[in-house]
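Encoded as structure tokens, the structure appears first; notes follow it.
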Amino acid sequence: MAKKRKLRLAVLISGTGRTLKNLLARIAKETLSAEIALVISNNPVAPGLQYAEESYIPIEIIERHKFDTKGEFSAPIFDACRKQFVDYVVLAGYLRLLEIPPDFTNRVLNIHPSLIPTYCGEGIYGDIVHAKVLQRGLKISGCTVHFVNQKYDDGPIILQKAVEVFDTDTLKTLNDRVFEAECEAYPEAIELLFEGRIEVNGQLVKIAPRQTEDDF
């Protein structure tokens, strides 16, 4: 059986790039069947750009304030992805809403630090999510990997991982534990795409069983 080509990813960041760092580490260990072909940021001084520079990955800086509309801002992002023959776009702490063109439907992924539909949507991200979880006294939080559509945190859900919330948790401890789950969930979702096991029907995602050599 011929070996499948690795997925080509574009990773979009706005800040620290810790998710980008995680993906690069897993690629280096050959536990993620992907390569990062492009890193795009809306922030020219995003600290996470260092990881792209260190790995000699092409970088594009596309700033929102230079464009009048969301569509005008999104167009050069996806043009850059097409030029790099990207299979999927991975949002990694990227804080701008994009207008997804038809050819990238179900090809843009995001990870959110809660179990959607809990504490998600416009303006609800990062420590804002964790603060709401702690204030409400939830016993379970987690993360969600989903496809991106034209609304915040609204696309089809690929997978979720639950994280227990402890009475002693602070913003930092909960953030750290949820991020540990994110470090597992995002590569897992990308690997499902590589294996061709994801089927999307409207808002519903079906994950097929893993095939074995006996299936061929």
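No experiment lies behind these values; they were computed from the predicted model shown. Throughout, residue positions are numbered sequentially from 1 according to the sequence presented.
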Query - Flag for Asn42-Ser14: side-chain donor and acceptor within less than 3.5 Å - result: yes

**Report entry** Side-chain touch Asp153/Asn110, heavy atoms, less than 4.5 angstrom
**Finding:** yes

Query raised in the report: Do the side chains of Asp87 and Arg5 get nearer than 4.5 Å, heavy atoms only?
Result: yes

Query raised in the report: Going hydrophobic residue to hydrophobic residue with side-chain gaps under 4.5 angstrom, can you get from Val178 over to Val90?
Result: no

Query raised in the report: Looking at side-chain heavy atoms only, is the closest gap between Gln150 and Ile100 below 4.5 Å?
Result: yes

Query - Those residues that, when tested against Glu63, pass salt bridge (charged side-chain N to carboxylate O under 4.0 Å, His left out) (two or more places apart) - result: Lys66

Query - Single-linkage hydrophobic cluster, 4.5 Å side-chain cutoff, Leu9 and Leu109 together - result: yes

Requested in this report: Kindly determine whether Leu32 and Glu191 satisfy side-chain contact (heavy atoms from CB on, under 4.5 Å), including the steps that lead there.
Outcome: CA-CA 7 Å; Leu32 181 60; Glu191 201 68 18; 3.6 Å; yes

Query raised in the report: Side chains of Asn22 and Arg26: do they bring a donor and an acceptor to under 3.5 Å?
Result: yes

Report task. Flag yes if Leu193 and Ile36 sit in one hydrophobic cluster, no otherwise; membership is Ile, Leu, Val, Met, Phe, Trp, Tyr, and two members link when side-chain heavy atoms are under 4.5 Å apart. Result -> yes

Query raised in the report: Got Leu38 and Glu60 here, is their nearest side-chain heavy-atom distance under 4.5 Å?
Result: yes

Requested in this report: For the residue pair Tyr94 and Phe73, categorise the inter-ring angle as parallel (less than 30°), tilted (30 to 60°) or perpendicular (more than 60°).
Outcome: parallel

Query raised in the report: Between the side chain of Ser41 and the main-chain N/O of Pro44, is any donor-acceptor distance below 3.5 Å?
Result: no

Query - Common cluster, Ile111/Leu7, ILVMFWY with side-chain heavy-atom separation under 4.5 Å - result: yes

Enumerate, atom names and distances included, each donor-acceptor pair closer than 3.5 Å involving a side-chain atom of residues 122-130, sequence neighbours excluded.
residue: Asp127; atom: OD1; partner: Asn175; partner atom: ND2; Å: 2.9

Report task. Would you please name every residue forming a side-chain contact (heavy atoms from CB on, under 4.5 Å) with Ser141, sequence neighbours left out? Result -> Val133, Val165

Report task. Can you see which heavy atom on Arg8 is nearest to which on Ala37, and at what distance? Result -> NH2-CB, 3.2 Å

**Report entry** Hphob cluster co-occupancy, Leu134 + Phe179, side-chain heavy atoms under 4.5 angstrom
**Finding:** no

Query raised in the report: In Å, rounded to the nearest 0.5 Å, how long is the span from CD1 of Ile57 to CD1 of Ile59?
Result: 8.0 Å

Query raised in the report: Are the side chains of Ile198 and Asn106 in touch, meaning some heavy atoms are under 4.5 Å apart?
Result: no

Query raised in the report: Between Asp79 and Lys83, is the closest basic N to carboxylate O distance under 4.0 Å?
Result: no

Report summary line: Between Pro113 and Glu182 the two heavy atoms that sit nearest each other are CB-OE2, 3.5 Å

Query raised in the report: So, for Lys4 and Gly196, which heavy atoms are closest and what is the spacing to 0.1 Å?
Result: NZ-N, 4.0 Å

